[in-house]
Amino acid sequence: MSRLALEDLHRFAVPSDPALRPDGGAVAYTLTTIDRDGDENRSEIWLVSCDDPGAKPRRLAAGSSPRWSPDGRTLAFLRPAGSGPAQLHLLPMDGGEPAVLTSAALGAGAACWSPDGTRIAYSGPSGPGGQAPDPNAPVVADRLDHKADGAGLLRGVTTQLFVVDVASGESAQVTEGDFHAGEPSWAPDGTRLAFVADMEPDRDLEYGGAVYVVPPEGGAPERLTDPEIICAGVWWLGDRLVIAGMKGELVGHVRLYTLDPGGDGGVAEVETGLDRNVMLGHPGYPGATPALLGGELVFCVRDRGCSHLYQAPGRRLVPEEVSVAGASVAAGRIAYVAADPRTAGEVCLLEPGGGEPRRLTGHALPDVEPYTPVRRTFTAPDGTEVEGFVLRDENATTPGPLLLDVHGGPHNAWAPVLDGFHLYHHLLAARGWTVLALNPRGSDGYGEAFYTAAVGEWGLADTQDFLAAIDDLVADGVADPDRLAVTGYSYGGYMTCWLTGATDRFKAAIAGGAVTDLAVVGGTSDVGHLLTTHECPGDLAAQSPLTRVGEVTAPTLLLHGENDDRCPIGQSEQWFAALRERRVPVRLVRYPGASHLFILNGRPSHRYDYNERILAWLEQWVSGSPS
C-alpha cells in the first residue's frame, strides 16, 4: 500500500445524492470523477442493488441528481442537452435510452415528481421575458442582491418554479416575480407545491424567508409562516410540512419545525434533544434533507465536526467517525453517502430496525493507505475547550514542522474523514510534517453558544484557541516551534492574515480566498451586508487584518479565484500590495474564471495547482523542511 500522492486527485471517485428506489431494492447516485482527457469534472449516474450482496455498481448514464418516479420505473436526472445548459432527462429502467424532457432557456433544476408520477416540478432560472439576458447590456442594480458567487451578475435572472408534463413534455412556469423560489415539494394530493422564498422588497437588508404554497397550475402564492421563523427549506412529509429555519437570528443553529397547512398556521419546533445545527447539505457543508422513517423524522446534524444522521428524538443512526453527505429513505431503509478516515465517500444502507450499516459501493482507492487523523482536545487560556484533529506519520517520534490549517465559515468544521480537496495534508504528513486542523470557537458541532462565540469578535476571540493548541503540540514534542506555518481558505484565509499580524511565530503563510478589510468587503461581497451587520457588528477596523499588516513578517502566498464574488479578489490584492510595499516576501496567484468554491468544484488543473503551490511554498520558506 502506498500513501496518497498529488496525482491521486485524478483518481478520486466520489458518490453523492443517493436516491433509494421506492421499493428499497436499489440506489441510484451521482458519481463525480475527473475527466482524464480534459480539464473538467465529470458526473455520472450509477446504480447499485440493495439485495444482492455480490452485485457491483454499474454506470447508467452521464448526468447528476437522480430522482425516481413513484412507481420506480423511470429515473429523472440532469445533464446538458448538447452544448446548452442542464435539462431534465428521463431514463426508462425497463430498457431504452435517456430522453430529454425539458428545453428551458437557462436550464432546469433537480426533479420533484408529483405523487401520481404524471408531472415533475423543479426550481430553475428564469430570465427577463423567459429568455437568457444580454451579456452586453448595462446592468441596473436597485438592491445589494444583484450578484451571487458562482453566477456573477444576475442581470434580472430569478429562480422560479416550473411544472412539466411527463407524457407530453409541455412545461409551464408556475411562479413569477422579483424573488427566488427554493426547491418545491408536492402536497400528498398533488394540488399544491410548497416552497421557500423571501419576497420582501428589502430582503437584501432585512434577511428572511417564508413558506409559500401555490397550485401547480400557477396563481398567487399563499404565505404560511410568520417572520418569526427565517425559513431555509420545506418538505411535505405525510400530511404535515417540515420546515428548516432559524428563530429570529441569522447567526445560529438551523432547527426543524412542523406546520399543519390545514390548521391555524402555527409552527411547532421538533424536539430533537440535541444542541446541534441541522445540516441540509451544501457544497463544503455535508448533510441531508429531512425524511420520514416509520413515522419518525430522520435528519442530519453536525456533531463535533461530523455530519450525522439522527432519528428524533436524538438517536444517532450512523457510526461516530463518519460524515454524511446525502440520504434517502424508502421501504423502511435508509441509503446514505458517508466519508470516513479511509474513504472520501461510499453508499451505505441501513435496514429496518437498525443494526450496523452495510456498505454497497467500493469507490475508495484500493492501493492507498491514508493517514488517520487523531482527535485532540486543547484548552485555551480562558478555559474554553476546543477540539482538533492531528494528522502525522504514526511512526514519527521527533518534533517536526507543523502546519495549522484554519477552516472557512467561520461556522464550518473539520471532520476526521478523508477528502480530495486537502490532499496536501497527507502529502505533508508523508514528508515529516504534522497538520493541525482545529475547530476553534465559532465552529459548528459543539452547541449554539460555541457556534456564536466569535460573533462580533472575529480574530479577537479565537486567536487564543489556535495559539494554545500549537503550544500544547510543541510541549508534547510533536511540533518544532521554529518550523510553524499557517494556511486556510475563506475565513481560514482571513485568519491566516490575522494571525501573521498578531504573532511572528509563523515562518510561512498561505491565505486562500482571503478577507483582509471588512469595511470594503461589506460593499463588494455578494453577502457583504450579512457579514458586516450580523457576523461582525461593531468596529470593523478592529476585526480587520489590514489594520495589523504592518506587523507581518511571514512570507505569504495568496491564492484567489478571479471571479470570487463571496470574498472578492481585491481583498488579496490589498494584502499583496501592503506586503510588497514593505518588502515582505509575497506572491499572488489568480485563478481565471474561478469562483469562491473553485477548490471544491472548480477546474481540476486549478485544484491541482492549489495543492502543489502550498507544498512548494512551505518547502521554500519553512527552515529545515525536508526537500
Side-chain angles (χ1 to χ4, degrees), residues 249 251-255 272-279 285-286 300-308 310 314 316 318-323 340-341 372-392 399 402-417 422 425 434-479 481 484 486-488 491-492 494-496 498-499 502-503 505-506 535 543:
E249 296 293 334
V251 182
H253 281 174
V254 173
R255 306 170 188 273
T272 65
L274 302 166
D275 181 17
R276 293 292 184 264
N277 190 34
V278 173
M279 302 295 289
Y285 292 79
C300 210
V301 301
R302 181 105 73 172
D303 186 18
R304 297 177 64 203
C306 294
S307 292
H308 287 151
Y310 275 80
R316 181 162 52 85
V318 297
E320 184 176 12
E321 301 289 17
V322 305
S323 200
D340 62 30
T372 301
V374 176
R375 195 183 287 267
R376 286 277 309 257
T377 299
F378 306 94
T379 303
D382 67 354
T384 300
E385 289 192 346
V386 295
E387 195 171 55
F389 305 97
V390 177
L391 192 77
R392 75 190 306 241
L402 178 135
L403 176 67
L404 168 66
D405 202 337
V406 187
H407 65 65
H411 307 299
N412 211 330
W414 292 110
V417 300
H422 301 91
H425 286 183
T434 295
V435 177
L436 171 61
L438 192 74
N439 288 337
R441 66 194 77 194
S443 302
D444 196 3
Y446 302 90
E448 193 161 28
F450 194 88
Y451 185 100
T452 59
V455 171
E457 294 189 272
W458 280 22
L460 302 170
D462 45 359
T463 292
Q464 59 182 314
D465 301 342
F466 297 108
L467 299 183
I470 291 173
D471 287 341
D472 280 2
L473 293 179
V474 169
D476 291 346
V478 170
L484 304 177
V486 59
T487 189
Y491 184 80
Y494 160 92
M495 201 65 211
T496 295
W498 177 276
L499 285 171
T503 175
R505 298 180 66 179
F506 296 104
E535 279 286 357
Q543 300 175 73

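For reference, positions follow the sequence shown, starting with 1. Hydrogens, waters and symmetry mates play no part in the numbers below; they use all other heavy atoms, side chains included.
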Among Arg441, Arg375, Arg376, the one residue meeting salt bridge (Lys or Arg N to Asp or Glu O under 4.0 Å) with Glu387
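Going through the options one by one, the only one that passes is Arg375.
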Under 3.5 Å, side chain of [X] to main-chain N/O of [Y], donor-acceptor pair present?
X	Y	value
Trp498	Gly459	yes
Asp476	Val478	no
Ser307	Pro286	yes

Working to the nearest 0.5 angstrom, can you tell me the gap between Leu484 CG and Leu404 CG?
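One gets 9.0 Å once the value is rounded to the nearest 0.5 Å.
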Could you grab the distance from atom NE2 of His425 to atom CG of Leu436, nearest 0.5 Å is fine?
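Reported to 0.5 Å precision, the distance equals 9.5 Å.
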Once you measure the plane-to-plane angle for Tyr451 and His253, does it fall in the parallel (<30°), tilted (30-60°) or perpendicular (>60°) bin?
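If you compare the ring of Tyr451 with that of His253, the planes turn out perpendicular.
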Indicate the ring-plane relationship of Tyr310 and His308, choosing parallel, tilted or perpendicular according to the 30° and 60° boundaries.
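Geometry flag for His308 against Tyr310: tilted rings.
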Checking His407 against Ser443: is there a side-chain donor and acceptor pair closer than 3.5 Å?
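Present: a donor and an acceptor within the cut-off.
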Check whether the side chains of Asp405 and His422 place a donor and an acceptor atom closer than 3.5 Å, and report yes or no.
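No.
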Can you name the closest pair of heavy atoms from Pro410 and Trp458 and give their distance?
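Where Pro410 meets Trp458 most closely, the heavy atoms are CD-CZ2, 3.6 Å.
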In terms of side-chain geometry, is the basic nitrogen of Glu321 or Arg304 positioned less than 4.0 Å from the acidic oxygen of its partner?
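No, Glu321 and Arg304 are not salt-bridged.
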Can you list the steps and then say if Tyr446 with Asn277 is a side-chain hydrogen bond (donor to acceptor under 3.5 Å, both in side chains)?
CA-CA 9 Å; Tyr446 302 90; Asn277 190 34; over 6 Å; no
Apply side-chain contact (heavy atoms from CB on, under 4.5 Å) to residues Phe389 and Leu438 and explain how you reach the verdict.
CA-CA 6 Å; Phe389 305 97; Leu438 192 74; over 6 Å; no
